[in-house]
Asks: 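This structure is in structure tokens; I'll ask about it shortly.
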Amino acid sequence: MKTKCITLLLALLLVFGLTGCGAPDVPMEATIDGNTIVLGQTTMQDLIDLGYEPHLQSRQDVARDGDAYITFYYSLDKGAGHQFWADVAVPWSGDTNINDEAALSTTEGIVRSVKFSKSSTEKIKASYNGIDIQDMTFDYGIEKWGAKKDDRTTVPAYLATVKRGSLRMESESTLEEEFHELTVSLSMKELEKMQK
């Protein structure tokens, strides 16, 4: 009897795991100034063509065996109050020198995540899944996406694991308890799947 119960439990876990039960299937895209950024599809050149100026903030220092992409972190803006951030991925050539990937990141880099904050989008309309960033709250993320408190950071933050990535909500500082910024991230596995 015990063996049958364990077998049934394992079968149920397998079924739920394969169907992605529990993780909401939400859009992996965001809208800024009426333009949709589709994670895993939109490139840095697409954003530059929309008039955004890219500024490299940081980059992956070293590539590790098994890496298919090198990640670069950019801020993109058209001036104060008209800014957002993006992680972009560039296919790795396998060379230890990643300067070629760095050069390609400003044009061919594929957007893997975007981050919007209330203060940096004051002069534009930035939204995720139809909700304006200015109107978003922690309660909305908890209710709609099942976001859970993330204690790995000093500022109040909530994280939702979704079917193809994650949604992260944070406050502006340790003194604030209100939502300030949203990061929508496509998982590396999903990015790789989309490029095949």
Asks: For the atom pair NZ (K149) and CE (M169), what is the distance rounded to the nearest 0.5 Å?
Replies: 12.0 Å
Asks: Working note: F84 + Y52, criterion ring pair (Phe, Tyr, Trp, His ring centres under 6.0 Å); need CA distance, chi angles, decisive distance, verdict.
Replies: CA-CA 10 Å; F84 67 100; Y52 289 97; 5.1 Å; yes
Asks: Closest approach of A68 and E192, non-hydrogen atoms and distance?
Replies: CB-OE2, 3.6 Å
Asks: Look at the side-chain heavy atoms of Ile, Leu, Val, Met, Phe, Trp and Tyr, link any pair under 4.5 Å apart, and say whether Y73 and M44 land in one connected group.
Replies: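 Result: no, two separate clusters.
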Asks: Which pair of heavy atoms, one from A157 and one from T153, lies closest together, and at what distance?
Replies: CB-CG2, 3.5 Å
Asks: Apply salt bridge (charged side-chain N to carboxylate O under 4.0 Å, His left out) to the pair E181 and K115, showing each step before the final yes or no.
Replies: CA-CA 7 Å; E181 66 185 31; K115 179 170 79 171; 3.7 Å; yes
Asks: How far does CD1 of I142 sit from OG1 of T137, to the nearest 0.5 angstrom?
Replies: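 The OG1 atom of T137 is 8.0 Å from CD1 of I142, to the nearest 0.5 Å.
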Asks: So, do M136 and L182 sit near enough that their side-chain heavy atoms are less than 4.5 Å apart?
Replies: yes
Asks: Would a distance-only check, ignoring hydrogens and angles, find a side-chain to backbone donor-acceptor pair under 3.5 Å from R112 to L186?
Replies: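 Side chain of R112 to backbone of L186: a pair is present.
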Asks: Measure the CG-NZ distance between D150 and K148 for me, rounded to the nearest 0.5 Å.
Replies: 12.5 Å
Asks: Got a sec, which pairs hit side chain to side chain donor-acceptor pair (under 3.5 Å) with one end in residues 84-93, sequence neighbours left out?
Replies: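 Qualifying pairs: D87-S113, S93-E101.
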Asks: So, for I37 and V111, which heavy atoms are closest and what is the spacing to 0.1 Å?
Replies: CG2-CG1, 4.0 Å
Asks: Quick test of your reading of the model: are K193 and E190 salt-bridged, counting only N-O distances below 4.0 Å?
Replies: yes
Asks: If you take all heavy atoms of Y69 and M188, which pair is closest and at what distance?
Replies: CD1-SD, 4.1 Å
Asks: Test side-chain hydrogen bond (donor to acceptor under 3.5 Å, both in side chains) on N99 and N97; report intermediate values, then the result.
Replies: CA-CA 6 Å; N99 287 334; N97 182 341; 3.0 Å; yes
Asks: Any chance the side chains of S75 and Q57 put a donor and an acceptor closer than 3.5 Å?
Replies: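 Yes - a donor-acceptor pair under 3.5 Å links their side chains.
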Asks: Decide whether V88 and V38 are clustered together by the hydrophobic rule: side chain heavy atoms of Ile, Leu, Val, Met, Phe, Trp, Tyr closer than 4.5 Å, transitively.
Replies: no
Asks: Does S171 use its side chain to pair, donor to acceptor, with the backbone of S173 at less than 3.5 Å?
Replies: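 Not at all, since once roles are kept as given, no pair shorter than 3.5 Å links the two residues.
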Asks: Between the side chains of Q41 and D46, does any donor sit under 3.5 Å from an acceptor?
Replies: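 Result is no, nothing qualifies.
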Asks: Supply the atom-to-atom distance F179 CZ to Y140 OH, rounded to the nearest 0.5 angstrom.
Replies: 11.5 Å
Asks: Are more than 12 heavy atoms, taken from residues, nucleotides or ligands other than K189, located less than 6.0 Å from that residue's NZ atom?
Replies: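 Check fails, neighbour count at 12 or below.
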Asks: Strictly distance-based, threshold 3.5 Å: is any side-chain N or O of Q134 a donor or acceptor partner for the main-chain N or O of S119?
Replies: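 Checking the backbone N and O of S119 against the side chain of Q134, no donor-acceptor pair under 3.5 Å is found.
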Asks: Honestly curious: do V90 and I48 fall in one hydrophobic cluster under the side-chain, below-4.5 Å linking rule?
Replies: no
Asks: Side chains of K118 and E122: does their closest heavy-atom pair fall under 4.5 Å?
Replies: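 No, every pair of side-chain atoms sits at 4.5 Å or beyond.
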Asks: Taking the side chain as C-beta and beyond, is there a heavy-atom pair between Y74 and T106 under 4.5 Å?
Replies: yes
Asks: What is the distance from atom CG of D77 to atom CD1 of I124, rounded to the nearest 0.5 Å?
Replies: 9.5 Å
Asks: Would you say R164 and D25 make side-chain contact, with heavy atoms under 4.5 Å?
Replies: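 R164 vs D25: side chains touch.
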Asks: Can you name the closest pair of heavy atoms from S127 and F116 and give their distance?
Replies: O-CE1, 4.5 Å
Asks: Should R152 and L159 count as side-chain neighbours, where that means a heavy-atom distance under 4.5 Å?
Replies: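 In contact.
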Asks: Any non-hydrogen side-chain atom of Q45 less than 4.5 Å from a side-chain atom of T107?
Replies: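 Yes, at least one pair of side-chain atoms sits under 4.5 Å.
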Asks: Establish, from distance only, whether the side-chain atoms of D33 and N35 form a donor-acceptor pair under 3.5 Å.
Replies: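 No, because no side-chain N or O of D33 sits under 3.5 Å from a partner of the opposite role on N35.
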Asks: For a quick test of reading the model, state the closest non-hydrogen atom pair linking A147 to Y158 and the distance between them.
Replies: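 Residues A147 and Y158, closest heavy atoms: CB-CB, 3.9 Å.
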Asks: In the structure I gave you, are the side-chain heavy atoms of V26 and Y128 within less than 4.5 Å of one another anywhere?
Replies: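 In contact.
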Asks: CG/L167 to OG1/T183 distance, rounded to the nearest 0.5 angstrom?
Replies: 9.5 Å
Asks: In terms of side-chain geometry, is the basic nitrogen of K78 or E53 positioned less than 4.0 Å from the acidic oxygen of its partner?
Replies: no
Asks: Checking side-chain contact (heavy atoms from CB on, under 4.5 Å) for the pair Q195/I110: CA distance, chi angles, key distance, verdict?
Replies: CA-CA 10 Å; Q195 306 314 308; I110 303 160; 3.5 Å; yes
Asks: Would a hydrophobic clustering, with Ile, Leu, Val, Met, Phe, Trp and Tyr connected at side-chain separations under 4.5 Å, put V114 with L50?
Replies: yes
Asks: Side chains of H180 and V155: closer than 4.5 Å at any heavy-atom pair?
Replies: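 A side-chain contact is absent here, since even the closest heavy-atom pair is not under 4.5 Å.
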Asks: Does a sphere of radius 6.0 Å around NZ in K144 hold more than 12 heavy atoms from other residues, nucleotides or ligands, not counting ones at 6.0 Å or beyond?
Replies: no
Asks: For the side chain of D135 and the backbone of D132, is there at least one donor-acceptor N/O pair under 3.5 Å apart?
Replies: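 Looks like no, no N/O pair under 3.5 Å.
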